[in-house]
Amino acid sequence: EKEVKEYFSTEDVLRQQAKELAKLIQNSKHLVFFTGAGVSTAAKIPDFRGPRGVWTLEAQGEEAEMDTTFEQAIPTFTHMALVALQNAGNLKYLVSQNVDGLHLRSGILPTNLSELH
């Protein structure tokens, strides 16, 4: 199995990057996020192209296992952070490729969401 290397920033670098991102968000007039399957992996919903993703496993002759159903899945910290940005007036629109319904269940307004499948 091919190993996927992850890269980590030091705590100081990460803190600086977070400050820069926060400033960009605060100064944005039309903040739009585009999300995909990775935003729901913490809810135990597999992605598609990751090491244990649906399509990756299919290509290896294996079947992906879901530890939960879409109905049982709980919105993740990322989903809730997007809701907080929406409720604070920063996030103007969200485009998602997800089919799990977690953005709506988390509190993203239907008028602020387009789902592309």
Side-chain angles (χ1 to χ4, degrees):
E1 191 171 313
K2 185 178 179 183
E3 185 177 329
V4 177
K5 181 168 176 57
E6 290 190 57
Y7 297 90
F8 297 94
S9 296
T10 65
E11 190 173 328
D12 289 339
V13 169
L14 186 59
R15 185 172 282 115
Q16 183 58 37
Q17 290 171 333
K19 286 180 183 179
E20 289 174 26
L21 178 59
K23 190 174 182 179
L24 289 169
I25 289 171
Q26 289 171 346
N27 293 331
S28 173
K29 294 180 182 171
H30 302 285
L31 182 64
V32 176
F33 272 79
F34 190 113
T35 66
V39 78
S40 295
T41 55
K44 299 185 179 179
I45 297 174
D47 62 13
F48 290 92
R49 297 188 187 280
R52 302 293 303 160
V54 175
W55 293 337
T56 303
L57 292 174
E58 273 184 15
Q60 298 169 357
E62 298 179 45
E63 189 173 317
E65 295 180 21
M66 282 188 55
D67 294 332
T68 188
T69 65
F70 288 160
E71 293 79 19
Q72 295 169 326
I74 297 170
T76 67
F77 178 79
T78 303
H79 290 96
M80 301 316 295
L82 292 168
V83 171
L85 287 170
Q86 170 195 260
N87 294 347
N90 298 106
L91 179 65
K92 304 300 184 200
Y93 209 76
L94 176 64
V95 180
S96 179
Q97 293 179 309
N98 294 354
V99 296
D100 55 37
L102 291 178
H103 284 304
L104 288 173
R105 289 186 30 223
S106 68
I108 293 293
L109 299 173
T111 55
N112 291 351
L113 176 66
S114 286
E115 295 178 310
L116 306 175
H117 308 295

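Small disclaimer: the values here were computed from a predicted structure and weren't measured.
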Quiz item: Considering all heavy atoms of both residues, which atom of Leu91 and which atom of Phe33 are nearest to each other, and what is their separation?
Solution: CD1-CD1, 3.5 Å
Exercise. Tell me, please, which residues at least two apart from Thr111 pass side-chain contact (heavy atoms from CB on, under 4.5 Å).
Key: Leu109
Practice problem: Please report the closest heavy-atom contact between Leu82 and His103, naming both atoms and the distance. | Solution: CD1-CE1, 3.7 Å
Practice problem: Identify the two heavy atoms, one from His30 and one from Lys92, that lie closest to each other, and give their separation to 0.1 Å. | Solution: CA-CG, 3.8 Å
Quiz item: Pick one: which of Gln16, Arg15, Gln17, Glu11 meets side-chain contact (heavy atoms from CB on, under 4.5 Å) with Val13?
Solution: Gln17
Quiz item: Okay, side chain of Asn27, backbone of Lys23: is any donor-acceptor separation there less than 3.5 Å?
Solution: yes
Quiz prompt | Glu71 CD to Asp100 CG distance, which is reported to the nearest 0.5 Å | solution = 10.5 Å
Quiz item: Is it the case that one hydrophobic cluster holds both Val32 and Phe34, taking links as side-chain heavy atoms less than 4.5 Å apart, direct or via other members?
Solution: yes
Quiz prompt | Test item: side-chain donor near acceptor, His79 and Thr76, under 3.5 Å | solution = yes
Quiz item: Under 6.0 Å from the CD atom of Glu63, do we count more than 12 heavy atoms belonging to anything else shown?
Solution: no
Self-check item: Exam field: side chain Ser40 to backbone Ala43, donor-acceptor pair closer than 3.5 Å
Solution: no
Practice problem: Write down the atom of Gly107, the atom of Gln86, and the distance for their closest heavy-atom approach. | Solution: O-NE2, 3.1 Å
Quiz prompt | Residue pair Asn98 / His117: nearest heavy atoms and the distance that separates them | solution = O-CE1, 2.7 Å
Exercise. Decide whether Val99 and Leu116 are clustered together by the hydrophobic rule: side chain heavy atoms of Ile, Leu, Val, Met, Phe, Trp, Tyr closer than 4.5 Å, transitively.
Key: no
Exercise. Would you check if Leu94 and Thr35 make a side-chain contact, meaning some heavy-atom pair closer than 4.5 Å?
Key: yes
Exercise. For residues Ser28 and Leu31, report the shortest heavy-atom separation together with the two atoms involved.
Key: OG-N, 3.2 Å
Exercise. Could you state whether Tyr93 and Leu104 fall into the same hydrophobic cluster, counting links through intermediate Ile, Leu, Val, Met, Phe, Trp or Tyr residues with side-chain heavy atoms under 4.5 angstrom apart?
Key: no
